[in-house]
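Atoms within each ligand, like the ligands themselves, are counted from 1 in listed order.
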Amino acid sequence: MKVYSIAIDGPAGSGKSTIAKILSERLGIVYVDTGAMYRTVAYYCIKNGIPTTDGQAVAEALKSIKLDIEMKDGVQHMLLNGEDVTAFIRTAEVGQGASDVGTFVPVRDRLVEIQQEMAAKISVVMDGRDIGTVVLPKAEVKIYLNAHVEERAKRRLKEFELAGKSCSLEEVVEQIKVRDHNDMTREYNPLRKADDAVEIDTTGLTVDEVADKVLEVVKEKTGEI
Ligand code: DC
């Protein structure tokens with residue numbers, strides 16, 4: 001079967017990973033979570049006292065980072081210098097750190113290369129901020145998910161609560177606004193919708209409704225399903 005790619009981009013909490021997981025299961029292709037790679041670099045910096053906003057220090061730290069991605073039962077595990085850090089990278093602090101290190105050219109160039117290598121060999125659904133624009137500009141399907149900031153914050157809050165962390169909705173709204181600004185205004189490959197991406201506003205839609213819309217686009221563009 002032909003190797004094909006599905007690129008999903010959008011801001012924090014727009015539903016990218018939920019939809020990517022559904023597509024991965026339905027289509028039997030690998031889900032690549034690129035945010036987890038930026039999070040792993042940020043986690044290394046935070047753990048080693050390196051400020052995630054210091055470009056030179058982060059570039060230097062990159063030399064000490066060996067990043068491996070392992071797929072176990074369809075779940076992506078991030079290995080940092082051989083240690084599985086998957087369980088530690090989903091905090092708000094690491095999320096903001098990932099947004100910070102993602103502004104630096106050496107970090108982006110290194111991670112984009114890994115992502116492109118993965119998609120060259122196998123069919124993937126990959127989510128992130130620059131997938132349709134930079135990583136996989138020739139992807140057969142490009143989706144841009146969006147939603148109002150309050151709704152995105154409510155989704156993130158639910159995830160935090162499920163993970164046993166407490167914070168207020170106002171705090172999460174603020175965190176998301178900072179991240180949106182950072183991700184959309186960085187100089188090098190900012191978050192933006194690719195010209196040929198299909199934009200879906202997920203505000204007020206259920207997961208099933210969004211999945212149906214996306215699957216319709218996949219069917220139309222690839223003939224798969
Ligand atoms: O999708 P996420 O919340 O796990 O991503 C965390 C941060 O990583 C995000 O705010 C910006 C950065 N990122 C990026 O710059 N490019 C990507 N392709 C994926 C994530």
Side-chain angles (χ1 to χ4, degrees), residues 5-21 31-46 52-53 55 58-59 62 65 67 69 75-78 80 85-119 124-137 139 142-147 149 152-160 163 165 172-194 197 202:
S5 305
I6 301 175
I8 306 184
D9 289 300
S14 56
K16 300 184 299 292
S17 65
T18 306
I19 295 303
K21 279 179 203 153
Y31 165 38
V32 182
D33 169 4
T34 66
M37 300 180 197
Y38 290 87
R39 284 172 182 265
T40 302
V41 173
Y43 177 74
Y44 175 90
C45 293
I46 292 166
T52 52
T53 48
V58 172
L62 211 51
I65 294 178
L67 206 68
I69 295 136
V75 178
Q76 177 177 316
H77 287 255
M78 295 306 308
L80 172 61
V85 297
T86 317
F88 312 127
I89 59 173
R90 304 244 57 100
T91 65
E93 185 191 18
V94 175
Q96 181 54 44
S99 182
D100 293 336
V101 300
T103 60
F104 304 129
V105 175
V107 175
R108 301 207 74 79
D109 285 352
R110 166 108 172 257
L111 299 187
V112 167
E113 195 183 332
I114 297 172
Q115 293 153 14
Q116 288 176 332
E117 273 173 18
M118 290 180 87
V124 295
V125 48
M126 190 178 279
D127 78 357
R129 303 292 188 288
D130 56 346
I131 311 305
T133 50
V134 176
V135 182
L136 305 174
K142 294 185 189 179
I143 306 286
Y144 188 88
L145 294 182
N146 215 339
V149 67
R152 293 191 278 123
K154 277 183 197 154
R155 293 175 190 166
R156 269 291 137 95
L157 188 62
K158 246 190 217 161
E159 283 172 19
F160 288 147
K165 290 175 209 117
V172 185
V173 167
E174 251 341 281
Q175 285 167 6
I176 286 199
K177 281 185 179 166
V178 171
R179 267 231 265 156
D180 281 357
H181 181 76
N182 218 29
D183 294 345
M184 289 173 180
T185 60
R186 68 172 174 242
E187 252 175 63
Y188 192 51
N189 300 337
L191 166 64
R192 70 172 184 84
K193 175 188 161 304
T202 70

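The backbone N or O of A12 sits nowhere less than 3.5 Å from a side-chain atom of R179 that would complete a donor-acceptor pair. Judged by distance alone, with hydrogens and angles left aside, the side-chain atoms of D127 form no donor-acceptor pair with the main-chain N or O of I8 at under 3.5 Å.
Atom 12 (C) of ligand 1 has its closest protein heavy atom at A98 O, 3.9 Å. Counting protein heavy atoms only, atom 4 (O) of ligand 1 is closest to R39 NE, 2.7 Å. Among protein heavy atoms, the minimum distance from atom 19 (C) of ligand 1 is reached at T34 OG1, 3.3 Å. In this structure, the protein non-hydrogen atom closest to atom 5 (O) of ligand 1 is R129 NH2, 3.6 Å. Of all protein heavy atoms, the one closest to atom 16 (N) of ligand 1 is R108 NH2, 2.9 Å. Scanning the protein for heavy atoms near atom 6 (C) of ligand 1, the closest one is R179 NH1, 3.4 Å.
Among the atoms of D33, none of the N or O lies under 3.5 angstrom from an N or O of ligand 1.
Atoms of ligand 1 found under 4.0 Å from any heavy atom of R90, numbered from 1 in the order shown, are 4 (O). Annotation for ligand 1: atoms under 4.0 Å from non-hydrogen atoms of G35 are 4 (O), 5 (O), 19 (C), 20 (C).
V101 and C45 make their closest contact through CG1-SG, 4.5 Å (heavy atoms, listed as atom of the first residue, atom of the second, distance).
In Q96, neither the side chain nor the backbone holds a heavy atom less than 4.0 Å from any atom of ligand 1. At a heavy-atom cutoff of 4.0 Å, ligand 1 is contacted by no atom of M126, backbone or side chain.
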Checklist entry - Is there a side-chain contact (heavy atoms from CB on, under 4.5 Å) between Q115 and V124 once you walk through the steps? => result CA-CA 10 Å; Q115 293 153 14; V124 295; over 6 Å; no
Checklist entry - Going through the checks in order, is the side-chain contact (heavy atoms from CB on, under 4.5 Å) test met by R156 and R152? => result CA-CA 6 Å; R156 269 291 137 95; R152 293 191 278 123; over 6 Å; no
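Counting heavy atoms from C-beta on, the side chains of S14 and Y144 never come closer than 4.5 Å. Taking the side chain as every heavy atom from C-beta outward, N146 and P11 approach each other to under 4.5 Å.
The closest approach between R186 and ligand 1 falls below 4.0 Å for a heavy atom of the residue.
By the side-chain hydrogen bond (donor to acceptor under 3.5 Å, both in side chains) test, T52 pairs with D100, sequence neighbours left out.
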